[in-house]
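A short write-up of the structure that comes next.
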Amino acid sequence: MALAEQTFGFFTPTVALMGVGCANEIGQQAKSLGARHALLCTDVGMVRLGLAAKVKGLLETAGVNVTVFDGSEPNPTDRNVHDGVTTYLAQGCDAIVTLGGGSSHDCGKGIGMVIGNGGHIRDYEGLNKTTKPMPPFLAVNTTAGTAAEMTRFCIITNTDTHVKMALVDWRCTPNIAINDPLLMVDMPPNLTAATGMDALTHAVEAYVSTIATPITDACALKAITLIAEWLRPAVACGTNIEARDKMAYAEYLAGMAFNNASLGYVHAMAHQLGGFYNLPHGVCNAVLLPEVCAFNLIACPQRFGDIALALGENITGLSPVAAAEKAISAIRRLASDVGIPKNLTALGVLEKDLETMATNAKKDACQLTNPRTATLEQVINIFKVALVA
């Protein structure tokens, strides 16, 4: 049978450095981008831990001046972005270095888009809305989950509507991504768990996406296998460098998968929880993931069977549906083992807000590649199930 004409892209940073000690190259890598005065976009946590000072020192040793902007908040807002733009311009910066997890990277991307294109960050919600490049951009990652250090996705909260805007633009992909597991050992167990489940969600949603390709499939399945083996040890002992290293590879592979195959209703719905309640993104994903998988199961049971196998489940002799159900039970077990809250009620989510959030989820770009089309009522019902799961 002839395939319908369709083109698939593949987006990734120009350079990605992985492995123990690779952060020592931050200064030289920034210098290679032509940076003379970098805005170091980070958060107050990175400052308190001393990591911001360490990265600042590495940059300055290489001859790059640094202005630290620590105004990135969890679930970064349009105000954070424009505060960063003001600092960038006032200090005469010519490059951006981000340090932290998804929030710092997304805030930095937002700053870069506005610096390169002008206007307001809200102007760039949607797909490929910029027309000019960002300044040189180096992303230094300290968590193993969001993959924001290497994706073309930027999630910014609109402070007027409290809705997370999805800005998906190939021009906001960082030039250089650095994943050094030594920078991840300070992550507490709860953050390790949440970011790890975020990475798992990326891999699962990418694997069942309607625009998955053999390349994204390979990345997603390997990420799932690594997470199944190494997330529990990473949560149990944060100084386990092998576990940290393997989780860094897992989150990067999952990022490669969803950066090109996109996501689904887990993220479309989690974005609303983050915008509405300012809840941790990874925790929201972890609670919603098994419920959305259960809804999606009939669309592609064979794919969920593959996921079960990657999670270490024995599916020999099982029907496609039975094998798919093993994937969902394995996800629930992993979430429980690493201490993810059981349901949305435990996170303070109220039933009265579900219809509004479901309506907004139906507008989220991530839902476009979900393998099963959902009505508004079905999205509300998934939220309801997750309230008491």
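As the structure is a computational prediction, the values presented were derived from the model and not from experiment. Residues: numbered from 1 along the sequence shown.
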Could you walk me through whether F153 and T146 satisfy the side chain to side chain contact (heavy atoms under 4.5 Å, CB included) test, starting with their C-alpha distance in whole Å, then the side-chain angles of each, then the deciding distance to 0.1 Å, before giving a yes or no? CA-CA 10 Å; F153 285 72; T146 69; over 6 Å; no

Listed pairs under 3.5 Å, donor-acceptor, residues 315-323 side chains, sequence neighbours left out:
unit_1	atom_1	unit_2	atom_2	d
T316	OG1	N314	OD1	3.0
S319	OG	A322	N	3.1

Are [X] and [Y] side-chain neighbours, meaning at least one heavy-atom pair lies under 4.5 Å?
{"X": "R333", "Y": "E313", "value": "yes"}
{"X": "L354", "Y": "V349", "value": "yes"}
{"X": "F137", "Y": "C172", "value": "no"}

Do [X] side-chain atoms and [Y] backbone N/O form a donor-acceptor pair below 3.5 Å?
{"X": "S72", "Y": "S103", "answer": "yes"}
{"X": "D169", "Y": "T130", "answer": "yes"}
{"X": "N128", "Y": "W170", "answer": "yes"}
{"X": "D245", "Y": "P181", "answer": "no"}
{"X": "R372", "Y": "I298", "answer": "no"}
{"X": "N117", "Y": "K132", "answer": "yes"}
{"X": "N360", "Y": "M357", "answer": "no"}

Is it true that atom [atom1] of [X] has more than 12 heavy atoms of other residues, nucleotides or ligands lying nearer than 6.0 Å?
{"X": "R36", "atom1": "CZ", "value": "no"}
{"X": "K362", "atom1": "NZ", "value": "yes"}
{"X": "E355", "atom1": "CD", "value": "no"}

Using a strict threshold of under 4.0 Å (side-chain N to carboxylate O), is an ion pair present between K109 and E149? no

Charged N-O contact under 4.0 Å between K56 and E60: yes

So which heavy atom on [X] is nearest to which on [Y], and how close?
{"X": "S104", "Y": "D43", "value": "OG-OD2, 3.5 Å"}
{"X": "A270", "Y": "N285", "value": "CB-OD1, 3.1 Å"}
{"X": "A310", "Y": "A228", "value": "O-CB, 4.1 Å"}

For D306, the salt bridge (Lys or Arg N to Asp or Glu O under 4.0 Å) test, sequence neighbours excluded, returns none

Hydrophobic cluster identity match, [X] and [Y], side-chain contacts under 4.5 Å:
{"X": "V266", "Y": "V163", "answer": "no"}
{"X": "M134", "Y": "L89", "answer": "yes"}
{"X": "L183", "Y": "V185", "answer": "no"}

Report the distance from atom [atom1] of [X] to atom [atom2] of [Y], rounding to the nearest 0.5 Å.
{"X": "D70", "Y": "D83", "atom1": "CG", "atom2": "CG", "answer": "11.0 Å"}
{"X": "L347", "Y": "L279", "atom1": "CG", "atom2": "CG", "answer": "5.5 Å"}
{"X": "C107", "Y": "D78", "atom1": "SG", "atom2": "CG", "answer": "10.5 Å"}
{"X": "T173", "Y": "R152", "atom1": "OG1", "atom2": "CZ", "answer": "7.5 Å"}

Evaluation steps, side chain to side chain contact (heavy atoms under 4.5 Å, CB included), between T216 and I211: CA-CA 9 Å; T216 62; I211 59 170; over 6 Å; no

Side-chain H-bond candidate by donor/acceptor type, N141 with H105, under 3.5 Å: yes

T131 versus R171, side-chain donor and acceptor atoms under 3.5 Å: no

Side chain to side chain contact (heavy atoms under 4.5 Å, CB included) between T98 and I96: does it pass, once the steps are laid out? CA-CA 6 Å; T98 54; I96 297 171; 4.0 Å; yes

List the steps and the verdict of side chain to side chain contact (heavy atoms under 4.5 Å, CB included) for I111 and C41. CA-CA 9 Å; I111 294 167; C41 178; 4.1 Å; yes

